[in-house]
Every structure is written in C-alpha cells, then in structure tokens.
2 protein chains.
Amino acid sequence: MIEGRAETRAAILDAARALFLEKGYAGASVRSVASAAGVDGALPIHYFGTKEALFLQALPSMPDYQPLLEGDPDNLGERFVRYILEEDGHLRPLYLTLLRASDTGAVGEQLRHLHETTFVEPLETRLTGPDANLRARLAAALVGGLMYALWVVGDEQLLAAGEDVVIRRYGALLQQLIDPA
Amino acid sequence: MIEGRAETRAAILDAARALFLEKGYAGASVRSVASAAGVDGALPIHYFGTKEALFLQALPSMPDYQPLLEGDPDNLGERFVRYILEEDGHLRPLYLTLLRASDTGAVGEQLRHLHETTFVEPLETRLTGPDANLRARLAAALVGGLMYALWVVGDEQLLAAGEDVVIRRYGALLQQLIDPA
DNA sequence: GGCTACATTCAACGGTGTTGAATAGCCAGA
DNA sequence: TCTGGCTATTCAACACCGTTGAATGTAGCC
C-alpha cells in the first residue's frame with residue numbers, strides 16, 4: 001500500500017533528489033528534505049520507511065547514452081571518453097553520490113546494478129568476437145577509472161595537456177577492448 | 001601542544017584505525033572509538049579536535065610497493081595489475097574508506113595526495129619518453145578503474161575468466177602507457 | 001601538606017534517524 | 001446537517017551523534 005497523497009510524495013522525492021545530489025547522502029538530513037518539501041520532518045520516513053529507501057527511490061535515472069553506443073564502433077572508444085569529459089552535469093553528481101554512499105548495503109547493490117545495466121551490458125551486446133563479456137567488464141572498469149580520476153580524486157592536471165590528448169590516448173586503450181580481439 | 005598521555009593517544013588512534021577501516025567513517029562513532037580504547041566518549045574529540053582530524057591522523061600509511069616499481073619495466077603493467085588483485089588486505093579497506101569519506105573537504109585532499117604520491121609520482125619517475133606526466137596520470141586512472149570495478153562496484157564476474165586473463169589483458173593496456181610512447 | 005598543572009571524566013547542547021500516538025481534513029450515510 | 005470513520009499529516013519523544021566547557025581526579029614540586 002502506498003502511503004500519502006501523490007503530490008506530497010512527489011514533493012518529498014523532488015526535494016530529496018535535489019538535496020542528496022547537492023549535499024550527498026550523509027550531508028542531506030531527512031528533516032532538511034522535509035522542510036524543503038514543506039512538510040513535517042517525520043513525514044519522509046513515514047512514507048518511505050528509512051532514509052536509505054528514500055535515497056534509493058529519489059535517485060534520478062541514468063542519462064540515456066544509447067546514441068553514443070549506436071554509432072560507428074570503430075571510434076566508440078574515443079566517443080565514450082569524450083562523453084565522460086563533456087557530460088552535462090547529470091552523470092557526475094549521481095556517480096559521486098552513489099559512490100560515497102555505497103557502504104550501506106542496498107546502495108552498493110544499486111551501484112552494482114547501474115554499473116551492470118548502463119556500462120557492462122550495453123557494451124557487451126555491441127562487442128563482436130570472443131570474450132565479449134570479459135572485454136565489456138574491462139572496458140567498464142576503464143571508463144570507471146576515468147570518472148574516478150577526474151571526479152573522485154579530482155586530478156585536474158590530467159586535462160592539462162588538453163582534452164583532445166586524453167580522448168585520443170585513453171580512447172585508444174578503450175578501443176582495444178572494443179575491437180574484436 | 002600535544003594533549004594527553006602518549007599511550008592514551010596511541011590507544012585511541014589504534015582503536016580509531018581499526019573501527020574506521022572496518023565500519024567506515026560514518027559507521028564508526030567517536031564514542032565507539034573511545035569505548036574500544038577504554039576511555040571516556042569525549043576524549044577523542046578533546047585530543048584531536050574533530051572526528052575528521054581523528055580520522056585523518058588514524059589512517060594507516062599506504063603499503064610500500066617500491067619493489068614492484070623497481071622491477072623490470074617491460075612487464076610492470078602485468079605486475080601492477082597482479083599486485084591489485086593479490087594485495088593482502090591492507091590497500092583495499094584504506095582505499096574504500098577514504099573513497100567513501102571523500103566528500104568532506106580534508107579527506108578529499110588526502111585522497112588526492114595519496115593518489116598523487118603513491119600512484120602518479122612513482123610511476124612518472126619511472127617512465128621514459130615523452131609525456132611522462134600525462135602517461136603516469138592515465139596509468140593511475142587505469143589502476144584506479146580496476147580497484148573501482150573490483151572493490152567499489154564489486155564486479156565479481158570480472159574474475160570469472162580467471163585472474164591470469166585479467167592480468168594479461170588489463171596489464172597489456174597499462175603497459176602501453178608505461179612503454180615510451 | 002598544599003599548590004599547580006595536566007589528564008580524564010561528566011553533563012549538557014543541538015542535531016540526527018526513527019517511532020507511535022495525536023490531530024486535522026475529508027467524504028459517506030443517516 | 002450531523003456523525004462516523006478513514007487517511008494524511010503533525011507532534012512529541014527516544015536513543016544516538018559530534019562537540020563543548022566545566023568538574024574531577026591525580027601526579028609531582030615547594
């Protein structure tokens with residue numbers, strides 16, 4: 001049974017999404033979400049049970065990058081790297097927020113699921129040749145490493161030589177996993 | 001001025017190190033650290049000022065992997081990957097704990113510093129040829145991606161084909177950044 | 001013994017997630 | 001129109017959190 005009026009639930013979820021992405025899981029309190037939604041501080045828990053459940057339901061969906069995958073597979077490596085470097089601000093906060101909250105069991109599950117459904121699986125279906133699954137997983141690790149270096153570590157000097165150089169070099173490595181081995 | 005008896009400080013730091021690595025930054029409370037050290041719940045903050053300062057001082061140092069770097073550079077890529085896959089349990093909890101606490105300012109700084117001093121700099125000094133700095137940073141990202149996939153995401157199927165295959169394939173990519181371009 | 005300086009404890013504050021009871025608001029039936 | 005009940009929302013309280021400043025113990029020195 002769903003509790004609460006639909007609009008109130010939506011207001012809470014909207015406020016939660018904004019605050020969690022801005023301040024992180026620990027930094028955004030349930031009461032701050034409630035007051036941003038204009039309701040009593042206890043209502044979010046009443047509706048969603050726990051802060052973690054609220055967090056998971058409030059998370060935005062992954063941006064859709066199907067077009068990226070459907071293009072020419074011969075330069076998918078470079079395009080993928082470029083996508084990470086030039087993404088429009090939707091992926092980065094989601095990635096960082098999930099990552100840092102991933103020590104609570106269900107959030108870790110969600111991160112694993114997103115990694116699987118948005119990186120590994122789409123890549124695997126587009127790979128021809130042997131060991132497609134392994135190559136997709138290694139490619140996903142490679143992409144994760146770029147996001148890690150840029151966003152978690154904050155290695156600003158990585159881009160000092162210019163985005164193009166990174167796109168070419170890191171993209172070339174990624175491409176070797178994409179090309180049929 | 002350092003406050004407190006040296007043994008009491010050490011007891012607190014030891015308890016803090018164990019609890020932070022086991023339960024994470026948020027999961028280990030200051031009071032739980034204090035009671036594990038056998039002191040009053042307010043003492044850790046009295047000594048170290050804030051939970052974050054206690055955390056930073058309690059963190060273990062990075063394992064020393066100099067021998068790994070000093071070996072034959074022609075197969076450093078594979079050896080590096082093998083080191084991550086077979087590490088003895090010191091690096092992984094430190095990496096995970098730092099990563100997940102990296103949204104508080106000083107912890108992010110520490111993560112950046114460790115990334116720089118334990119991955120980028122040692123690699124860079126061993127690289128010959130042009131663009132050593134960039135190649136070291138890309139190599140560090142690659143290594144980070146492996147740790148991310150294995151430890152944060154928990155991609156267990158990555159090793160389904162056997163450690164050797166991962167060591168060979170991912171190591172080969174890493175090696176391309178190590179070899180003079 | 002009394003004084004001092006320091007190590008440690010105690011008590012309290014505001015904030016947190018979470019809980020169950022109390023209230024407010026609406027809608028059906030007499 | 002009144003009344004009952006149902007549901008949405010609020011209120012009050014709990015235990016725990018990081019943090020603070022005052023109180024207490026405790027050792028050594030004159």
Side-chain angles (χ1 to χ4, degrees), chain A residues 1-59 97 100-108 110, chain B residues 1-59 97 100-108 110:
Chain A
M1 179 191 74
I2 295 181
E3 298 196 44
R5 267 172 61 230
E7 307 128 57
T8 312
R9 287 179 63 89
I12 292 174
L13 285 175
D14 289 346
R17 181 158 40 245
L19 280 171
F20 280 136
L21 290 183
E22 183 194 343
K23 313 217 176 208
Y25 179 74
S29 75
V30 171
R31 281 176 172 91
S32 75
V33 167
S35 87
V39 299
D40 182 82
L43 201 55
I45 298 292
H46 249 99
Y47 282 2
F48 300 96
T50 64
K51 183 185 184 181
E52 186 181 317
L54 169 63
F55 176 71
L56 289 172
Q57 294 204 40
L59 283 183
T97 303
R100 288 167 172 155
S102 65
D103 51 349
T104 76
V107 178
Q110 179 72 359
Chain B
M1 179 190 74
I2 296 181
E3 299 196 44
R5 268 173 60 230
E7 307 128 58
T8 312
R9 286 179 63 89
I12 291 174
L13 286 175
D14 289 346
R17 181 158 40 245
L19 280 171
F20 279 135
L21 291 184
E22 182 194 344
K23 313 215 177 208
Y25 180 74
S29 75
V30 172
R31 283 176 171 90
S32 75
V33 167
S35 86
V39 299
D40 181 82
L43 202 54
I45 298 291
H46 250 98
Y47 282 2
F48 300 95
T50 65
K51 183 185 185 181
E52 186 181 315
L54 169 62
F55 176 71
L56 289 172
Q57 294 204 38
L59 282 183
T97 303
R100 288 168 172 155
S102 65
D103 52 349
T104 76
V107 178
Q110 178 73 359

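Proteins get letters first, then strands, A, B, ... in listed order; numbering begins at 1 in each.
Atom OH in B:Tyr25 sits roughly 14 Å away from atom P in D:dC17 (whole-Å rounding). Whole-Å rounding puts the B:Leu43 CG to D:dG18 C1' distance at 14 Å. Whole-Å rounding puts the B:Ile45 CD1 to C:dG15 C1' distance at 15 Å. Rounding to whole angstrom units, NE2 of residue A:His46 and P of D:dC11 are separated by 13 Å. Regarding A:Lys23, its NZ atom lies at a distance of 11 Å from the P atom of C:dT16, rounded to whole Å. Regarding A:Arg5, its CZ atom lies at a distance of 10 Å from the P atom of D:dT10, rounded to whole Å. We find that CZ of B:Phe55 is positioned 13 Å from P of D:dG18, with the value rounded to whole Å. A:Asp40 has its CG atom 13 Å from the C1' atom of C:dA24, to the nearest Å.
The two atoms that bring B:Thr97 and B:Phe55 nearest to each other are CG2-CE1, 3.5 Å, heavy atoms only. Closest approach of A:Thr50 and A:Ile45 over heavy atoms only: C-CD1, 3.8 Å.
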Quiz item: Does the pair B:Phe48 and B:Leu56 meet the rule for a side-chain contact (heavy atoms from CB on, under 4.5 Å), with working shown?
Solution: CA-CA 10 Å; B:Phe48 300 95; B:Leu56 289 172; over 6 Å; no
Exercise. Apply side-chain contact (heavy atoms from CB on, under 4.5 Å) to the pair B:Lys51 and B:Phe20, showing each step before the final yes or no.
Key: CA-CA 11 Å; B:Lys51 183 185 185 181; B:Phe20 279 135; 3.9 Å; yes
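Nearest-nucleotide mapping onto DNA chain D: of A:Gly38 and B:Ala42, the residue sitting toward the 5' end is A:Gly38. Between A:Gly49 and A:Ser32, the residue whose closest nucleotide on DNA chain C is further toward the 5' end is A:Ser32.
For A:Arg31 against C:dG15, a side-chain-to-base donor-acceptor contact under 3.5 Å is absent.
Listed nucleotides: C:dT16, C:dT18, C:dT9. Nearest to the side chain of A:Thr50: C:dT18.
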